[in-house]
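Read the structure below first, then the notes.
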Amino acid sequence: RQGCDASVLLDDTANFTGEKGAGPNAGSLRGFGVIDAIKLLLEALCPRTVSCADILAVAARDSVVALGGPSWTVQLGRRDSTTASLSTVNTDLPSPASSLSTLLAVFAKKGLSSTDMVALSGAHTVGQAQCQNFRARIYNETNIDASFAATRRAGCPATGGGGGALAPLDASTPNAFDNGYYSDLVAQRGLLHSDQQLFGGGGSTDAQVRSYAASPAQFQSDFAAAMVKMGGIGVLTGSSGQVRRNCRRVN
């Protein structure tokens, strides 16, 4: 969360606690082994040349394309951080309980606009969330479709265990990168409290959500532009940082 510098890939060391165990990341961020495999191949073919930060940026784009989403030109030349910050993640990444005002403020802190925030939230058109992160919403909130809440409750008990049970963030098309997330919000079927905050309260983002629900092309265009913008936040270049040989640890 220091920026696009692959700090999130670093394992804990004696000198710092990494970001993988931060509140918003623990049990949610996955796929580190995929990055390891890519890095291993690149180091064999072209040693100490392609940074882990660039690998993440390209993998993000290619994953979206593979699931039917838009493409964009990934700017390259990032270098990798030599440290990580658990505390920065816990303060800078919004929690699933965030209000709209909190979401807007957290993104603005990184130079991202309201439009960027709503577009980037559309990444929740794929992926899964843990029961513990949507339990309060499906049992306590009123701005939620009744049948949707009932379906989600079946796999997420109100109390006790089961907090790690997963449910798709976009139940309609969970494995397609489309605009289904926004249609879900209009129908009050957002899984996380923070998702539904984008629509339905008469807030400043309602119109943009309606626009994306009606226009897949507009969402895809804005998402691609926002990803390019986000990929330029806090990058290390030149003599700053390093090109890690192993993405999990510094050289």
Between Phe177 and Phe223, does the ring centroid distance fall short of 6.0 Å?
yes
Do the non-hydrogen side-chain atoms of Asp184 and Leu191 ever get within less than 4.5 Å of each other?
no
Determine whether more than 12 heavy atoms belonging to other residues, nucleotides or ligands lie under 6.0 Å from atom CZ of Arg153.
yes
Would you say that His193 contacts Glu141 through its side chain, given a criterion of any heavy-atom pair below 4.5 Å between the two side chains?
yes
Heavy atoms only: give me the nearest Ala22-Val89 pair and the separation to one decimal.
CB-CG1, 3.4 Å
Test your reading of the model: is there a side-chain donor-acceptor pair from Arg137 to the backbone of Gly190, 3.5 Å cut-off?
yes
To the nearest 0.5 Å, atom CZ of Phe16 lies from atom OG of Ser85 at 10.5 Å
Look only at the side chain of Tyr182 and the backbone of Ala119, and say whether a donor-acceptor pair between them is shorter than 3.5 Å.
yes
Co-membership, hydrophobic cluster, residues Leu185 and Leu104, 4.5 Å side-chain
yes
What residue among Ile55, Ile38, Leu45, Leu41 forms side-chain contact (heavy atoms from CB on, under 4.5 Å) with Val50?
Ile55
Looking at side-chain heavy atoms only, is the closest gap between Asp92 and Lys110 below 4.5 Å?
yes
Assigning hydrophobic clusters by single linkage (Ile, Leu, Val, Met, Phe, Trp, Tyr; side-chain heavy-atom cutoff under 4.5 Å), is Val65 placed with Val74?
no
Thr13/Asn15 under side-chain hydrogen bond (donor to acceptor under 3.5 Å, both in side chains): CA gap, chis, key distance, verdict
CA-CA 5 Å; Thr13 72; Asn15 298 319; 4.6 Å; no
Pair Ser7, Glu19: side-chain N/O donor-acceptor within cut-off below 3.5 Å
yes
Val243 backbone acceptor or donor facing Asn251 side chain under 3.5 Å:
yes
Considering non-hydrogen atoms only, spot the tightest contact between Asp178 and Phe219 and give its length.
O-CE2, 3.4 Å
Atom pair CG/NZ of Leu10 and Lys20 - distance to nearest 0.5 Å
7.5 Å
Evaluate the side chain to side chain contact (heavy atoms under 4.5 Å, CB included) criterion for residues Val106 and Ser98: first the C-alpha distance (whole Å), next the side-chain angles of each, then the deciding distance (0.1 Å), finally the verdict.
CA-CA 10 Å; Val106 167; Ser98 296; over 6 Å; no
Note, Asn25 side chain near Leu93 side chain (heavy atom, < 4.5 Å)
yes
Criterion side-chain hydrogen bond (donor to acceptor under 3.5 Å, both in side chains) against Tyr181, the qualifying member of Thr173, Asp195, Thr125
Asp195
What residue among Arg248, Arg245, Arg249 forms salt bridge (Lys or Arg N to Asp or Glu O under 4.0 Å) with Asp36?
Arg248
Is it true that a side-chain atom of Arg79 and a backbone atom of Leu236 form a donor plus acceptor pair closer than 3.5 Å?
no
Asn179 versus Pro216, closest heavy-atom pair with distance
ND2-CG, 3.6 Å
So which heavy atom on Leu103 is nearest to which on Ser194, and how close?
CD1-O, 3.5 Å
Give the cluster check for Leu86 versus Leu9: same hydrophobic cluster or not, with ILVMFWY residues linked at side-chain heavy-atom distances below 4.5 Å.
no
Tell me, yes or no, whether the heavy-atom count around Gln75 atom CD, taken from other residues, nucleotides or ligands under 6.0 Å, exceeds 12.
no
Can any side-chain N or O of Ser63 pair as donor or acceptor with the backbone N or O of Ala59 at less than 3.5 Å?
yes
Rounded distance (nearest 0.5 Å) linking atom CH2 of Trp72 with atom OG of Ser221:
12.0 Å
Nearest heavy-atom pair of Arg152 and Ala167: which atoms, and what distance?
NE-CB, 3.5 Å
Answer yes or no: is there a side-chain heavy-atom contact under 4.5 Å between Leu100 and Ser204?
yes
Using side-chain heavy atoms (C-beta onward) and a distance below 4.5 Å, is Asn246 in contact with Lys39?
no
Can you list the steps and then say if Met227 with Arg61 is a side chain to side chain contact (heavy atoms under 4.5 Å, CB included)?
CA-CA 8 Å; Met227 285 296 289; Arg61 191 269 314 275; over 6 Å; no
Asp12 side chain to Gly18 backbone, donor-acceptor under 3.5 Å:
yes
Keeping Ser215 on the side-chain end and Ser211 on the backbone end, is there a donor-acceptor pair under 3.5 Å?
no
4.5 Å side-chain heavy-atom contact, Thr237 and Arg78
no
Heavy-atom side-chain contact between Thr49 and Leu42 under 4.5 Å:
no
Counting distance only, does the side-chain N/O of Asp54 pair as donor-acceptor with the main-chain N or O of Gly77 below 3.5 Å?
yes
About how many Å separate SG of Cys247 and CZ of Phe32, when rounded to the nearest 0.5 Å?
11.0 Å
When rounded to the nearest 0.5 Å, the distance separating CD of Gln197 from OG of Ser121 is 11.5 Å
Rounded to the nearest 0.5 Å, what separates atom OG in Ser95 from atom CG in Asn133?
8.5 Å
Please check this pair: side chain of Asp5 against backbone of Val235, looking for a donor-acceptor N/O pair closer than 3.5 Å.
no
Would you check if there is a donor-acceptor pair between the side chains of Asp116 and Ser113 at a distance under 3.5 Å?
yes
For the pair Gln208 (side chain) and Val118 (backbone), establish whether a donor and an acceptor sit closer than 3.5 Å, ignoring hydrogens and angles.
no
Do Val58 and Leu40 land in one hydrophobic cluster if side-chain heavy atoms of ILVMFWY residues count as linked below 4.5 Å?
no
Do Met230 and Met117 sit in the same hydrophobic cluster, where Ile, Leu, Val, Met, Phe, Trp and Tyr count as joined when their side-chain heavy atoms come under 4.5 Å apart?
yes
Test Leu169 against Val126 for side chain to side chain contact (heavy atoms under 4.5 Å, CB included), laying out the working first.
CA-CA 6 Å; Leu169 288 160; Val126 293; over 6 Å; no
Partners passing disulfide (SG to SG under 2.5 Å) against Cys4 (at least two apart in sequence or in another chain):
none
Heavy-atom closest pair, residues Ser81 and Ala6:
OG-C, 4.3 Å
